[in-house]
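Accompanying notes for the structure given below.
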Amino acid sequence: MLKMHNVRKSFRTDTIETHALRDFSLEVKEGEFVSVTGPSGSGKTTFLNIAGLLETPTGGQYLLDGEDVSNLNDRQRSRLRNEKIGFIFQGFNLIPDLSLFDNIDVPLRYRGFSAKERRKRIEKVLEQVGLSARAKHLPAQLSGGQQQRIAIARALAGEPRFLLADEPTGNLDSLMARQVMELLEFINEWGTTIVMVTHDPELARRAHRNIQIVDGQVCDLRPVTEQPEAATA
Amino acid sequence: MIGYYISLALRSLRRTPTLSALMVAAIAVGVGASMTVLTLNYMMSQNALEHKDDVLFAVQLDSWDVNEAANTTNEIPWQLTYRDAQALLRSDIPTHQVAMHRYGFTVELEESAIRPYTADIRVTTRDFFNLFDIPFIYGGTWEKTADSSPMQVVILSKATNEKLFSGEDSVGETVILNSQPFTVIGVIDTWEPSPKVYDVNNGSFTKVESLFVPFGLHRKLEIYSWGNTNGWDSGEGEGYEGFLQSESVWIQYWVELTNKEQKTEYENFLTAYIQGQKDQGRFERPLKFALSKPSEWLVLNEVLSDDNRVLGWVSLAFLLVCVINAVALLLAKFLRKAPEAGVRRALGASRNAIFTQHLIESSTIGILGGIAGILLAFMGISGIRYLAMGQQDTVARMDWVMVIAAIGLALIASLLAGLYPAWRISRTNPSIYLKTQ
């Protein structure tokens with residue numbers, strides 16, 4: 001599903017060059033649920049941005065679903081992102097002046113679906129996250145957990161094969177976090193591949209596999225069951 | 001997607017009403033001010049005789065003082081002397097030819113409640129109506145003999161006929177002009193050339209005269225000119241006859257020459273005429289005359305002055321300042337929306353999609369600004385009409401061309417204003433905002 005080989009990413013200013021990822025190699029198979037942990041500034045988010053085609057690597061090779069995406073132009077990358085990738089963010093990133101219905105509608109608009117098809121998909125995902133009755137509400141009228149469920153619904157509406165979650169429970173209390181995690185696990189059981197960045201060791205352990213990133217490199221690829229608890233902290 | 005972008009634009013405008021109003025106002029003030037000036041310039045630049053531009057010619061003869069050239073742009077007097085006009089009228093080369101000038105009469109009706117009033121008159125030869133394609137509602141023009149012998153007939157403008165005879169067919173009725181009875185022989189339809197090409201010496205944008213009387217009345221009624229009269233030699237004659245024979249120039253002269261051969265023949269005629277006058281001791285300056293098309297005539301007479309042109313550029317510069325202000329406001333607004341653009345990029349919007357969305361938003365502002373600008377331009381033009389007290393009525397008005405131009409100008413201004421901010425937001429790195437939002 002996702003294969004990175006010797007991917008590098010550096011950011012350069014006038015005086016300094018920072019290496020966010022160095023010879024980063026990783027493979028995520030179809031249907032996997034992978035958690036990504038590591039200290040702040042280790043390159044987790046850069047990895048997620050490159051995986052989600054929001055940033056281009058400085059070097060190396062990235063294959064998404066068997067297709068080399070390193071040299072695609074913006075339009076092609078946007079299309080792939082729209083069709084194959086769903087995003088879930090720590091801050092939910094719902095558009096505040098759009099209703100929940102219209103928020104979920106955004107990726108479907110760029111996909112070019114008909115109004116009928118969009119409505120069908122939106123109603124379906126709203127039902128899946130249990131918020132059908134709130135379709136016309138604005139994000140500010142919802143709790144944090146409900147907003148994150150809407151963000152998940154928005155990510156799922158286009159039926160992506162690959163879901164990228166950047167600390168999806170970071171802004172939620174433990175109860176809400178558990179509900180969101182259960183929803184992600186449910187989605188994974190349907191067959192959607194999930195890569196989740198998290199600081200929460202308990203959540204990380206619930207994934208099939210945990211990857212630790214330190215100084216822009218993968219340092220531990222063992223299955224979760226074999227990892228010491230301290231390693232994910 | 002265009003419909004979606006328009007709905008997003010309207011939603012965005014509603015979300016920030018004050019900022020949106022400021023941007024609309026910036027565009028509106030710029031468009032309003034520039035369109036007011038450009039409309040005046042545009043109307044001043046019109047050529048009401050464009051359809052006959054290749055066949056009509058204003059005639060100038062250099063009969064001026066040998067010691068000093070005439071103070072005109074081509075150093076030939078704008079108008080002719082009475083005696084030269086009479087001499088040219090004897091030519092049968094032009095298809096039509098007109099000698100004329102501005103005058104005024106006191107107008108009244110016998111046994112009428114209408115009080116006597118002073119009206120602008122045009123004293124002209126009969127070809128005036130054919131040469132300038134003036135349509136008649138009732139009757140027609142006078143016979144050719146009236147151009148050289150006194151016939152007290154008059155042609156009314158449509159407005160005058162409305163005023164004196166309630167718009168009824170007044171042919172055969174009598175109008176009293178300066179206490180003399182004149183028989184109405186025709187009524188012309190509305191005809192308002194602007195600028196008044198046929199007589200730009202006496203106000204390029206004044207109204208067309210209300211009544212028209214034959215050229216043959218001069219001696220009988222001792223008609224002088226109510227327009228500009230210039231001279232360098234009053235001659236030796238006495239009284240009115242002395243004025244007619246003097247070197248004073250006060251007659252406007254136009255000819256219609258329908259082809260090149262006819263024009264060449266007429267030029268030869270003028271050359272021969274001037275040569276003949278030289279032999280008699282007149283026309284002491286080097287032989288010079290001019291036949292100017294209506295379009296050339298307007299330029300020669302500087303109907304659209306350099307001041308007007310400069311004002312036009314200044315108004316466009318003002319619009320540019322307004323556009324720059326709008327750029328700053330749009331940039332602030334769009335960059336504030338950068339997190340939303342980041343989310344849209346993550347959800348599949350390409351840079352082009354983000355660029356188009358924001359360009360449509362700025363265009364929406366431009367259309368609203370354009371509509372408000374047109375209203376401001378109408379107000380500005382009305383203000384000019386009010387201040388000019390009717391003198392600029394034919395110019396201070398906005399036709400459909402200028403309304404469309406105003407909308408076009410507003411769109412161009414808003415696109416110019418929106419290009420950079422839209423480009424900036426489409427080029428921002430979405431990942432920055434996705435993490436920090």
Side-chain angles (χ1 to χ4, degrees), chain A residues 9 11 20 44-56 72-99 102-112 115 118 139 151 154-155 157-158 160 164 166-167 170-171 197, chain B residues 1-21 23 332-361 364-365 422-437:
Chain A
K9 181 68 181 178
F11 300 97
K44 300 188 299 292
T45 300
T46 303
F47 154 68
L48 215 59
N49 287 336
I50 289 173
L53 306 177
L54 290 170
E55 284 185 21
T56 49
L72 297 182
N73 62 29
D74 178 69
R75 192 177 58 79
Q76 293 166 321
R77 295 164 68 83
S78 299
R79 186 179 52 76
L80 266 185
R81 198 160 55 235
N82 180 258
E83 289 177 2
K84 293 191 175 176
I85 304 171
F87 282 97
I88 304 168
F89 306 98
Q90 180 181 358
F92 322 133
N93 284 346
L94 298 174
I95 299 171
D97 60 338
L98 295 184
S99 69
D102 289 339
N103 261 288
I104 300 170
D105 190 35
V106 172
L108 306 180
R109 289 272 186 176
Y110 295 119
R111 190 79 162 266
R118 294 200 314 269
R154 181 178 65 184
L164 296 173
D166 191 357
E167 299 188 43
N171 281 0
V197 167
Chain B
M1 285 300 277
I2 298 294
Y4 179 57
Y5 292 149
I6 290 172
S7 74
L8 289 177
L10 294 175
R11 199 190 296 261
S12 173
L13 295 185
R14 281 198 300 270
R15 190 169 56 181
T16 53
T18 308
L19 193 59
S20 302
M23 287 184 290
K333 183 181 169 77
F334 285 178
L335 289 183
R336 207 168 69 174
K337 284 170 56 185
E340 180 186 325
V343 173
R344 288 183 179 278
R345 293 273 286 131
L347 297 176
S350 63
R351 283 181 181 143
N352 282 345
I354 297 294
F355 179 78
T356 308
Q357 177 197 332
H358 289 86
L359 204 59
I360 284 177
E361 183 171 337
T364 307
I365 289 166
W423 181 82
R424 270 287 300 271
I425 194 166
S426 71
R427 278 342 190 229
T428 51
N429 184 351
S431 57
I432 297 170
Y433 300 103
L434 296 173
K435 187 71 181 171
T436 57
Q437 193 178 43

Minimum-distance pair of heavy atoms, taken over all atoms of [X] and [Y]:
| X | Y | value |
| --- | --- | --- |
| A346(B) | F89(A) | CB-CZ, 3.9 Å |
| L54(A) | N429(B) | O-OD1, 4.2 Å |
| R345(B) | S78(A) | NH1-OG, 3.6 Å |
| G348(B) | Y110(A) | O-CB, 4.1 Å |
| M1(B) | R109(A) | SD-O, 3.5 Å |

**Study point:** R15(B), part contacting chain A, at a heavy-atom distance under 4.5 Å
**Key:**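 The side chain, not the backbone.
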
Point to revise | Interface moiety of A349(B) toward chain A, non-hydrogen atoms closer than 4.5 Å | key: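 For A349(B), heavy atoms of backbone and side chain both lie under 4.5 Å from chain A.
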
**Study point:** R336(B) CZ: over 12 foreign heavy atoms closer than 6.0 Å
**Key:**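 No.
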
Review point. Any Lys/Arg nitrogen of D74(A) or R427(B) sitting under 4.0 Å from an Asp/Glu carboxylate oxygen of the other?
Key: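 So D74(A) does not pair with R427(B) through a salt bridge.
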
Less than 4.5 Å to any heavy atom of chain B: does that hold for the side chain of [X], its backbone, both, or neither?
| X | answer |
| --- | --- |
| D97(A) | both |
| R77(A) | neither |
| I95(A) | side chain |

Check your understanding: Between atom CG of D105(A) and atom CG of L347(B), what is the distance when rounded to the nearest 0.5 Å?
Key ->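 Separation between the atoms: 11.0 Å.
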
Review point. Below 4.5 Å, heavy atoms only, C-beta onward: do E340(B) and V106(A) meet side chain to side chain?
Key: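 Not touching, per the 4.5 Å side-chain cut-off.
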
Check your understanding: L108(A), T46(A), L98(A): which one forms the most heavy-atom pairs within less than 4.5 Å of chain B?
Key ->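 Sorted descending by pairs with chain B, the first entry is L98(A).
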
